[in-house]
Amino acid sequence: MGFLDLVLRPLARSRSTVRYPRSPADAVRTRRTPVFQPERCTDDRACAAICPTAAISIESTAPGARTWALDYGKCIFCAECIRVCPSDAIAGTGAFELDANSRDGVVAPFALKEPARE
């Protein structure tokens, strides 16, 4: 692979992000901020597997419990997690201005119960 290939390869990729919206109405059409709905989660972990920036983490914290977290600081709002979730546990909103006073403030954690086994 030559130097020219290294320089031109990123130009051939499709964009994952879009320009900053001019109004909230534009944000609804172009951005989809993921919001987790824990009561719908079936723990298939497709959202964490598809996330290109590893902004979603799911960890077992104790027997019968797990924690799901979305790090908005890592999220590029590509909406892939919304698209692949089979149980619609992740919804997309038009919110596009998110703020926090600390690094912990951009992480949305949820404690979940393990799904019932049959």
Side-chain angles (χ1 to χ4, degrees):
M1 177 181 318
F3 176 75
L4 193 55
D5 290 333
L6 290 173
V7 173
L8 295 178
R9 183 180 302 156
L11 297 175
R13 293 185 193 148
S14 63
R15 292 187 327 182
S16 295
T17 60
V18 295
R19 291 192 182 280
Y20 191 82
R22 294 177 191 221
S23 70
D26 290 339
V28 172
R29 286 192 298 270
T30 60
R31 293 277 187 167
R32 297 195 52 208
T33 301
V35 176
F36 187 56
Q37 301 172 60
E39 67 281 356
R40 294 183 171 189
C41 184
T42 57
D43 197 29
D44 59 40
R45 302 177 187 226
C47 57
I50 195 85
C51 184
T53 61
I56 298 172
S57 62
I58 302 169
E59 298 175 3
S60 294
T61 54
R66 65 196 191 302
T67 301
W68 185 97
L70 172 59
D71 186 339
Y72 286 108
K74 293 180 180 179
C75 183
I76 60 172
F77 307 94
C78 64
E80 286 298 303
C81 56
I82 298 166
R83 184 184 63 79
V84 301
C85 184
S87 60
D88 293 327
I90 304 176
T93 69
F96 68 99
E97 292 182 339
L98 306 171
D99 63 349
N101 294 330
S102 67
R103 178 70 180 104
D104 291 338
V106 298
V107 178
F110 294 91
L112 305 171
K113 297 176 188 172
E114 289 290 335
R117 307 271 184 219
E118 295 181 18

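These numbers were taken from a predicted model, which means no experiment stands behind them. Values reported hereafter were calculated over all heavy atoms of this structure, with side chains retained and with hydrogens, waters and symmetry mates removed.
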Legend entry - Spatial distance of atom OG1 (T93) from atom CD1 (I82) [nearest 0.5 Å]: 7.5 Å
Legend entry - Inter-residue atom distance E80.CD - I56.CD1, 0.5 Å rounding: 10.5 Å
Inset, instruction - Look up atom OG1 in T33 and atom CD1 in I90, then write down how far apart they are to the nearest 0.5 Å. - result: 12.5 Å
Legend entry - side chain to side chain contact (heavy atoms under 4.5 Å, CB included) partners of S87, counting only residues at least two apart: T42, C85, A89
Legend entry - Value rounded to 0.5 Å, distance of SG in C41 from CZ in R66: 4.5 Å
Inset, instruction - Decide yes or no for C47 and F36: does some side-chain heavy atom of the first lie under 4.5 Å from some side-chain heavy atom of the second? - result: no
Legend entry - L70 side, atom CG; C51 side, atom SG - distance, nearest 0.5 Å: 7.5 Å
Legend entry - Contacts of A108 that satisfy side chain to side chain contact (heavy atoms under 4.5 Å, CB included) - sequence neighbours left out: Y72, F110
Legend entry - Smallest separation among heavy atoms of D44 and P86, with atom names: OD2-CG, 2.6 Å
Inset, instruction - Verify the cluster assignment for V84 and I76: are they in a single hydrophobic cluster under the rule of side-chain heavy atoms below 4.5 Å apart? - result: no
Inset, instruction - Looking only at non-hydrogen atoms, find the nearest pair between C81 and P34 and report the distance. - result: SG-CB, 3.9 Å
